[in-house]
Amino acid sequence: MRSYRVYSNLSEERLQAIEKFMNRTMMSLKDFERLLETNVQLKGFGVSPYACAELAAEYTPDDEEYFGDSGVQVSVYPPESLEEMHQWLTLDEYYAYLEDCANCHFANRPQEEKQRVYAKLAKVKEAFRHAK
């Protein structure tokens, strides 16, 4: 896994789907907090109609969108990327991206913002722990 500090400066062609999704999500504190709030409920989040992260817990084997019993599928479509991209991650891998973005993006933010974001991040970690 590359750090947000690294991939946030890479060219579009060199980014993975999760990195494009996180770059787009980190454009707004409000979007990142909404992402965390929906993930606590074991639900996915669409930062736009063209970039989303879906959690396996949302689907059953009968669903057309089913992609497995656990994990996260990140999908990014044009115009958010040059081509349609999909990437599957374990919950641990996905959480590592969330945590890395929070650590990089909120390091110099006001203490109140950091506390609020890190409290939500802790709830996501707990929800993911029970989802495995």
Side-chain angles (χ1 to χ4, degrees):
M1 180 184 119
R2 293 186 280 210
S3 171
Y4 179 76
R5 291 187 202 285
V6 173
Y7 69 77
S8 63
N9 296 313
L10 293 178
S11 65
E12 169 76 16
E13 298 84 25
R14 296 182 59 199
L15 296 176
Q16 300 173 20
I18 183 64
E19 295 168 343
K20 290 180 184 193
F21 175 75
M22 293 310 298
N23 275 345
R24 178 63 174 83
T25 303
M26 296 309 295
M27 293 173 96
S28 161
L29 172 62
K30 184 181 262 186
D31 283 343
F32 188 66
E33 288 192 76
R34 285 193 350 238
L35 166 67
L36 296 176
E37 290 164 3
T38 58
N39 285 174
V40 166
Q41 300 168 14
L42 298 178
K43 294 182 180 178
F45 179 75
V47 69
S48 78
Y50 309 104
C52 64
E54 299 173 289
L55 277 70
E58 296 180 85
Y59 301 104
T60 65
D62 297 338
D63 293 330
E64 185 177 319
E65 299 88 1
Y66 180 76
F67 57 87
D69 292 333
S70 67
V72 178
Q73 180 168 295
V74 177
S75 301
V76 183
Y77 306 93
E80 295 283 349
S81 68
L82 299 174
E83 61 186 40
E84 184 174 319
M85 300 176 74
H86 303 279
Q87 184 177 1
W88 183 87
L89 298 111
T90 66
L91 290 174
D92 289 339
E93 291 168 332
Y94 177 69
Y95 181 80
Y97 277 96
L98 295 175
E99 187 175 50
D100 178 62
C101 284
N103 289 338
C104 292
H105 195 72
F106 296 100
N108 298 320
R109 304 288 282 209
Q111 189 64 25
E112 182 180 300
E113 272 183 24
K114 281 197 282 194
Q115 287 177 331
R116 189 175 64 239
V117 167
Y118 284 109
K120 290 177 183 183
L121 198 56
K123 289 179 182 178
V124 171
K125 187 174 189 172
E126 185 67 15
F128 284 3
R129 189 174 69 77
H130 290 292
K132 294 181 182 181

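Only heavy atoms go into these numbers, but all of them, side chains included; no hydrogens, no water, no symmetry mates. Heads up: numbering here begins at 1 and tracks the sequence.
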Novice: Could you tell me whether the side chain of Met85 reaches within less than 4.5 Å of the side chain of Val74, counting heavy atoms only?
Specialist: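 The answer is no, as the side chains (C-beta and beyond) never meet within the 4.5 Å cut-off.
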Novice: Indicate yes or no for a side-chain donor-acceptor contact from Glu33 to the backbone of Lys30 under 3.5 Å, with no hydrogens or angles considered.
Specialist: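 Looks like no, no N/O pair under 3.5 Å.
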Novice: Please check if the side chain of Asp100 supplies one atom and the backbone of Ser3 the other of a donor-acceptor pair under 3.5 Å.
Specialist: no
Novice: Do NZ/NE/NH1/NH2 and the carboxylate oxygens of Glu19 and Arg14 come within less than 4.0 Å?
Specialist: no
Novice: Using atom types as modelled and distance alone, determine if a side-chain donor or acceptor of Gln73 lies under 3.5 Å from a backbone N or O of Trp88.
Specialist: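 Answer holds: no.
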Novice: Counting C-beta onward and ignoring hydrogens, is there a side-chain heavy-atom pair between Glu99 and Leu121 closer than 4.5 Å?
Specialist: yes
Novice: Does the gap between the ring centers of Tyr97 and Phe21 come in under 6.0 Å?
Specialist: no
Novice: Does the distance from a Lys or Arg side-chain N to an Asp or Glu carboxylate O, for Glu37 and Arg34, drop under 4.0 Å?
Specialist: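 Judged by the 4.0 Å cut-off on N to carboxylate O distance, Glu37 and Arg34 do not form a salt bridge.
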Novice: Could you verify whether a donor N or O on one side chain and an acceptor N or O on the other, from Tyr59 and Glu54, lie under 3.5 Å apart?
Specialist: yes
Novice: Any side-chain heavy atom of Met26 sitting closer than 4.5 Å to one from Asp31?
Specialist: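 Counting from C-beta outward, Met26 and Asp31 never come under 4.5 Å.
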Novice: Examine distances only and state if a side-chain atom of Asp63 and a backbone atom of Thr60 form a donor-acceptor pair shorter than 3.5 Å.
Specialist: yes
Novice: Does Glu58 reach the main-chain N or O of Gly44 with its side chain, forming a donor-acceptor pair under 3.5 Å?
Specialist: yes
Novice: To the nearest 0.5 Å, tell me how far Leu42 CG sits from Phe128 CZ.
Specialist: 7.0 Å
Novice: Between Lys20 and Glu80, is there a side-chain N and carboxylate O pair less than 4.0 Å apart?
Specialist: no
Novice: Check for a donor-acceptor pair, side chain of Asn39 on one end and backbone N or O of Lys43 on the other, with a separation under 3.5 Å.
Specialist: yes
Novice: Side-chain heavy atoms nearer than 4.5 Å, only ILVMFWY residues, links allowed to pass through others: does that put Leu35 and Met1 together?
Specialist: yes
Novice: Going from CZ on Phe45 to CG on Leu55, what distance comes out if it is rounded to the nearest 0.5 angstrom?
Specialist: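 Between Phe45 CZ and Leu55 CG, I get 12.5 Å after rounding to 0.5 Å.
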Novice: Stepwise, does the salt bridge (Lys or Arg N to Asp or Glu O under 4.0 Å) test hold for Arg129 with Glu126?
Specialist: CA-CA 5 Å; Arg129 189 174 69 77; Glu126 185 67 15; 2.7 Å; yes
Novice: Checking the side chain of Asn9 only, and the main-chain atoms of Arg5 only, is there a donor and an acceptor separated by less than 3.5 Å?
Specialist: yes
Novice: For the residue pair Leu29 and Phe106, establish whether any side-chain heavy-atom pair is separated by less than 4.5 Å.
Specialist: yes
